[in-house]
Amino acid sequence: MSQTGRVSYKWWLTIPGVLVFLFLLAVGFLRFRARAIEVRIRQSVVQALGERFRSEVEFDAIHIKVFPHLGVAGEGLTLRHHGRKDVPPLIRIEKFSFTAGIMDLLRPVKHIPLLRIENMIINIPPREPKKDQPPPNPSRGNKSAPTVVVDQVICNDADIVILPRKAGKDPLDWDIHNLVLYSASADKPFAFHGNLTNGKPKGEIDTQGQFGPWDADDPGGSPVSGEYKFTDADLGPFPGIAGTLSSTGKYSGVLSELQVEGQTDTPDFSLDKVGRPVPLHTDFSATVDGTNGDTYLHPVNATLVQSLIVAEGSVVRVPEKKGHLITIDATVPNGRIQDFLSLAINSDKPLLTGPVKIKAKLIVPPGKEKALEKIILDGQFGVDDAKWSSPALREKLESLSRHGQGKPEDEDTGSSVSDLNGSFHLEHGVINFSRLAFSVQGATINLTGTYALRGGDLDLSGHLRLQAKLSQTMTGTKSFFLKAFDPFFAKEGAGTVLPIRITGTRDKPTFGISVFHKTINKELSSDKNKQENKSSPK
């Protein structure tokens, strides 16, 4: 072999060795560089996050690797808003990791394709006037924090806790899983999508929308908007009610005060298992105070079977009783009485049908009692042209109508169609009627008393007013002898006024009228006393 050939051969042997040497040198340099700039990256991250979120930043650990690509991993990232240690940290992240280009070792990271986060807790402090907030730390300087854009953030578990304004109140807690952020940056809005399991009523919520930009001075004032879908929520854990609720809607505002609009559907809503399941649909708008979960309902339109209910009120948390106080003013401008009775009476056939108007105030105090036991309801109602389903009851009402008109033997006279109105107070499952008026053609009954929703027990008393005179309600000899007593029972423009009492149950009511001779003797005795008082000397 020629000398030229041997030199060429040696170079071919040397080149791979040189390349390996250079490669190892580069690896060594990069590893040294990575270790050398780890402190710098930690400092730059601390400065960037601190300025962006107005917080003191701490790391338990941060690690950088070079091969096969540049990777950054950290543990125990903590941000304390304005350095406060009297409240939970603004952000706490158990673990995070991301990759970047190799050149980012030599320059600040401005773009991250994918950031992975495990177990993140965000504590939103209560909104306070800015003058009461601690001033920012001058040591951070006035330079703007470098903008970092993350194409995608994947967080397996995120917990957003909105702290209450008043001490002692429970925070509002949103436990989110499968949270994904898109084109995330602290200085501009970004899209998000997440799923969360609602605790009570238990069900899955799917939500997506836009968040930001982040308000560093007032995190609770950071804008958020989006839409949600809430499915298969079991109402069973709430004492006294049952059904499966689904809801869709949208929200907008800031974290601490959201405007929510949506609708709910509960096809099998029932009350304390005393009645039958009925469909309930609502269209609502509300303001949610994110600091404590208090909800203020703007006019809500609810449809129970076919009856429209217009309501407004509030759902306010009562921390000392670990529950919510519900206060609602409701009106039913033109409903159906059978729709409401279905909630209280388990029967295939409605007890009563007819148009109804209702005005009521509902209060549901916090507590573990069943709904029927703790509901407080005050209101007035009116049912026109009501029709009763029981043939026996219709027959009795027709008989009452005939007697009230003074035509007891006229089978073509009399009607079971009635009007019903009154004022009531419901508490502990018992309705107390301060006024209950019931009328058929020729007769009116005015009552006061109670009605138990659970067992259906009746205890009502009052007066029966008839259009006809007492003697006209009878025939034959009885009619003749009763004519003498007509003046004693004619009062206030009515032909006859008789004491009446209704007892028994809703299925088997008993109508009782005071014995005639006792009432007559009382009237005669009263009249005799008046005459004796007139004739006696003063």
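Because the structure is predicted, anything quoted here is derived from the model rather than measured.
- Using a 4.0 Å cut-off between charged side-chain N and carboxylate O, Asp378 and Lys361 make no salt bridge.
- Between Ile91 and Met120, the shortest heavy-atom distance links the atoms CG2-CG, 4.4 Å.
- Judged by distance alone, the side chain of Thr327 and the main-chain N or O of Gly313 form no donor-acceptor pair under 3.5 Å.
- Around atom CD of Glu395, no more than 12 heavy atoms belonging to other residues, nucleotides or ligands sit under 6.0 Å away.
- In this structure, CZ in Arg276 is found 12.5 Å from CG in Leu341, a value given to the nearest 0.5 Å.
- Contact of the Val278 side chain with the Asp339 side chain is not registered, since no non-hydrogen atoms from C-beta on lie closer than 4.5 Å.
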Could you walk me through whether Asn123 and Ile121 satisfy the side-chain contact (heavy atoms from CB on, under 4.5 Å) test, starting with their C-alpha distance in whole Å, then the side-chain angles of each, then the deciding distance to 0.1 Å, before giving a yes or no? CA-CA 6 Å; Asn123 295 289; Ile121 300 177; 3.7 Å; yes

Test side-chain contact (heavy atoms from CB on, under 4.5 Å) applied to Gln405 and Thr413, step by step: CA-CA 9 Å; Gln405 296 176 72; Thr413 304; 3.5 Å; yes

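- Checking side-chain atoms of Thr303 against main-chain N and O of Gln306 turns up no donor-acceptor pair under 3.5 Å.
- Glu312 is not listed as a side-chain neighbour of His298, based on a closest heavy-atom distance of 4.5 Å or more.
- Aromatic ring centres of Phe190 and Phe211 lie closer together than 6.0 Å.
- In this structure a side-chain-to-backbone donor-acceptor pair under 3.5 Å is missing from Thr505 to Gly456.
- Atom CG of Leu343 is separated from atom OG of Ser270 by 8.0 Å, given to the nearest 0.5 angstrom.
- Contact annotation: the side chain of Thr287 approaches that of Glu257 to within less than 4.5 Å [non-hydrogen atoms, C-beta and beyond].
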May I have the step-by-step check of side chain to side chain donor-acceptor pair (under 3.5 Å) for His193 and Asp206, ending in yes or no? CA-CA 8 Å; His193 178 265; Asp206 182 273; 3.1 Å; yes

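- A heavy-atom distance below 4.5 Å is found between the side chains of Thr266 and Leu235.
- Ion pair Asp459/Arg501 flagged as a salt bridge, since at least one NZ, NE, NH1 or NH2 atom sits closer than 4.0 Å to an Asp/Glu carboxylate oxygen.
- In this structure the side chain of Val254 never reaches within 4.5 angstrom of the side chain of Val224, judged on heavy atoms.
- Residue Leu447 comes nearest to Gly462 through the heavy atom pair CD2-N, 3.6 Å, listed as atom of the first residue, atom of the second, then distance.
- Two residues are said to be in side-chain contact when any heavy atoms from C-beta on lie closer than 4.5 Å; Val161 and Asp159 meet this criterion.
- Side-chain atoms of Ser401 never come within 3.5 Å of backbone atoms of Gly442 as a donor-acceptor pair (strictly under, hydrogens ignored).
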As a quick check of understanding, evaluate side-chain contact (heavy atoms from CB on, under 4.5 Å) for Thr450 and Leu458, giving each step before the final call. CA-CA 6 Å; Thr450 61; Leu458 292 161; over 6 Å; no

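- Among all heavy-atom pairs drawn from Gln472 and Pro408, the shortest one is O-CD, 3.5 Å.
- Across all their heavy atoms, Ser418 and Val440 have their closest contact at CB-CG1, 3.8 Å.
- Side-chain contact between Leu196 and Tyr228 is absent, with no heavy atoms from C-beta onward closer than 4.5 Å.
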side-chain contact (heavy atoms from CB on, under 4.5 Å) between Tyr451 and Ile502, worked out: CA-CA 10 Å; Tyr451 167 62; Ile502 302 176; over 6 Å; no

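- Of the possible polar contacts, one joining the Arg394 side chain to the Ser389 backbone as a donor-acceptor pair under 3.5 Å is found.
- Taking CD1 of Ile363 as the reference point, atom CG of Leu325 lies at 7.0 Å (rounded to 0.5 Å).
- Distance check: Leu179 CG to Ile160 CD1 gives 7.0 Å after rounding to the nearest 0.5 Å.
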Could you check Arg435 against Asn421 for side chain to side chain donor-acceptor pair (under 3.5 Å), going step by step and ending with a plain yes or no? CA-CA 8 Å; Arg435 179 181 63 84; Asn421 61 82; 2.7 Å; yes

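- Smallest separation of non-hydrogen atoms from Pro223 and Pro213: CD-O, 3.4 Å.
- Rounding to the nearest 0.5 Å places CG of Asp157 at 8.5 Å from NE2 of His177.
- Under the 3.5 Å distance criterion, the side-chain polar atoms of Ser415 are matched with a main-chain donor or acceptor of Val417.
- Put simply, the side chain of Thr496 gets close to the backbone of Ala468: a donor and an acceptor are under 3.5 Å apart.
- In this structure, CG on Leu245 lies 10.0 Å from OG1 on Thr231, to the nearest 0.5 angstrom.
- Between Ile309 and Ala330, the shortest heavy-atom contact is CG2-CB, 4.1 Å.
- Between Val356 and Asn334, the closest side-chain pair of non-hydrogen atoms is not below 4.5 Å.
- Ring orientation note: the planes of Trp388 and Phe438 are nearly perpendicular, at an angle over 60° on the 30°/60° scale.
- The closest side-chain donor-acceptor pair between His425 and Asn432, if any, does not fall under 3.5 angstrom.
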